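Throughout, numbering of the chain's residues begins at 1 and tracks the sequence. Ligands are counted one by one from 1 in listed order, and the atoms in each one are counted from 1 as well. Just so you know, these numbers use all the heavy atoms, side chains as well, and skip hydrogens, waters and symmetry mates. Everything numeric here is computed off the predicted structure, so don't read it as measured data.
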Amino acid sequence: MIASFNPATDELLQRFTPYDVNEIERRLAEAAKAQKVWRNMGIQERRPYLQNVAQLLRTHKERYARIITLEMGKPLAEAIGEVEKCALNFEYYAENGASMMADHVMPSSASDSRLVYEPLGLVLAVMPWNYPFWQVMRAAAPILISGNAIVLKHASNVPQCALAMEQLFSQAGLASGLFTALLVGSSEVDRLLADDRISAVTFTGSTPVGRSIAASSGRALKKQVLELGGSDPFVVLADADVEAAANVAVKARFSNTGQSCISAKRFIVEHSIADRFRDAFLEGTLKLVTGDPLQSQSTMGSMARRELRDELHAQVKATIEQGAKLLIGGHAIEGPGAFYEPTILDHVTPAMTAAREETFGPAAAIIRVESAEQAIAVANQTPFGLGAALWTSDPDRARILSRQMDAGAVFINGMVASDPRLPFGGTKQSGYGRELAHLGLHEFTNIKTVWTGPVRT
Ligand code: NAP
């Protein structure tokens, strides 16, 4: 059974029977057939469908946001923001897809030589629950505009989100099969990866599962984009605007109840300003209101599942036992739901659990360092390399230091965020490949060289 639970109340919302082999086969066949027609349409013909998707998202944003909040517990206002961002992404690719797919002439000795971009076919998307619309929609827009179809295996705790998106694409006029949501457990993924009709996979989720998907798709020689875990550093140097940094730090750590791959997780702060940063960060964190995510006054909702809360709590407890100082929080909130107190740990060292492991929930670790050089060394002292924030008032220093950070993106004097116009992805154990912008679109195309003779003399 695939069950939809409200993590803020523990209430069972709905149960779904996973699709059997016949239903999976029917849907894959339909997807393959629909993609053949879709790929032969011109990109200008595909564009209006993406615009329809964007419009539906905007028109019904409250309805979709409510489904998101009910299934994974984030505050409704954040869920509405998520849906609006999905619309923006579809508008962006509707607007820019044609120029990204345009032939790229490359002078050579031929009469004409160029790159042409062609779709790969069916792209399997294995997705997480933390931004149940955004993670899917950020992949779907470039996949579809370039002439591919998408087969979604969503996280098992957000089946209603998966079905709502499938229905949305149908309402937008896309042929049945171009966006297919398969209600299946994770044990089906290997079989799907081995299916000849699946050409590639985009996976967003944890690093251990990413490894397993990389191995299975590698065996089948399927193209992969892997967006995995992170333990993003948020470096505050002594010359930074400390109060501004602390203010942004609250959002960077606690939005989405701390359950974001690009949440700032390790706050690496130069000693001389560490107390000031701590006080301002604490003051901002104390203003958070944790509660029913459907109520407008709540700025932090529940975590998505109870066992995820238990994992976070174990990491917090271990870090305290290892010598960190608990400034605030540190406990599960009693009663129904998977609520956890916003938590700040100070005097964390790189060897402690909260610095070594990804903490996927509302717990911040402050690490004090002696110099900018040490800050960068500590920032890089992690197996991950997704995003990084760097706060300093010296632009030249920022430019130099940003190039020394092991990350797919460095945000200077700001918080790491995804944006349809900018490539997104990681390095090291945070994965490979890029989403968004033109690079995200080209990931799932065959970049074909076409050479036309005769040779020019
Ligand atoms: P997860 O446990 O890795 O699950 C992600 C997806 O993989 C789900 O659809 C899940 O299905 C499926 N899955 C689980 N085990 C599998 C297996 N053995 N084989 C094939 N598929 C399998 O991750 P999560 O807990 O949902 O999400 C949190 C993680 O995602 C964090 O580590 C976070 O940093 C990362 N993340 C990364 C990004 C990024 O862009 N880099 C963005 C968001 C989240 P079931 O639900 O059915 O198990």
Side-chain angles (χ1 to χ4, degrees), residues 1-5 7 16 18-19 71-72 74 82 124-139 151-159 161-162 181-194 198 201-217 219 224-232 255-265 303-309 311-312 315 338 357-361 382-388 407-409 416-419 422-436 440 443:
M1 276 295 157
I2 292 178
S4 171
F5 275 96
F16 300 88
Y19 296 163
E71 283 200 313
M72 61 71 66
K74 77 175 69 179
E82 178 175 339
L124 175 66
V126 182
M127 290 288 144
W129 46 264
N130 61 335
Y131 291 93
F133 265 57
W134 170 243
Q135 300 294 358
V136 175
M137 294 301 207
R138 83 174 179 192
V151 176
L152 170 67
K153 183 268 175 270
H154 214 333
S156 294
N157 55 329
V158 287
C161 288
L182 296 181
L183 292 187
V184 293
S186 56
S187 57
E188 282 301 326
V189 170
D190 278 358
R191 232 194 314 263
L192 289 167
L193 287 168
I198 299 287
V201 59
T202 178
F203 170 72
T204 301
S206 61
T207 297
V209 176
R211 266 191 214 109
S212 154
I213 291 204
S216 303
S217 47
R219 260 193 302 279
Q224 317 140 22
V225 168
L226 301 178
E227 299 284 3
L228 310 179
S231 182
D232 284 10
S255 67
N256 216 43
T257 319
Q259 302 163 120
S260 170
C261 52
I262 47 169
S263 294
K265 288 162 191 152
M303 291 184 66
R305 297 198 304 253
R306 275 178 177 260
E307 76 273 19
L308 297 170
R309 179 178 72 172
E311 278 170 32
L312 180 75
Q315 290 172 313
E357 298 178 0
E358 178 180 33
T359 48
F360 212 62
T382 167
F384 300 109
L386 200 50
V416 181
S418 55
D419 177 327
L422 300 174
F424 183 94
T427 185
K428 292 161 71 177
Q429 297 292 299
S430 292
Y432 44 76
R434 288 293 176 268
E435 289 194 278
L436 303 175
E443 289 284 4

Candidate pair Trp134 and Ser418, rule side-chain hydrogen bond (donor to acceptor under 3.5 Å, both in side chains), full reasoning:
CA-CA 10 Å; Trp134 170 243; Ser418 55; 3.3 Å; yes
Under the side-chain contact (heavy atoms from CB on, under 4.5 Å) criterion, do Ile198 and Val151 qualify, and how do the steps go?
CA-CA 9 Å; Ile198 299 287; Val151 176; 4.3 Å; yes
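Here the side chains of Phe384 and Thr207 are in contact, with some heavy-atom distance below 4.5 Å. Between Gln224 and Ile213 the shortest side-chain heavy-atom distance does not fall below 4.5 Å.
Residues Phe5 and Trp129 keep their aromatic ring centres 6.0 Å or farther apart.
Protein residues with any heavy atom under 4.0 Å from ligand 1: Val126, Met127, Pro128, Trp129, Asn130, Gln135, Arg138, Lys153, His154, Ala155, Ser156, Ser186, Val189, Phe203, Thr204, Gly205, Ser206, Val209, Ile213, Glu227, Leu228, Gly229, Gly230, Cys261, Glu358, Phe360, Leu386, Phe424.
Salt-bridge formation is detected for the pair Lys265/Glu358: a Lys NZ or Arg NE/NH1/NH2 atom is positioned less than 4.0 Å from an Asp or Glu carboxylate oxygen.
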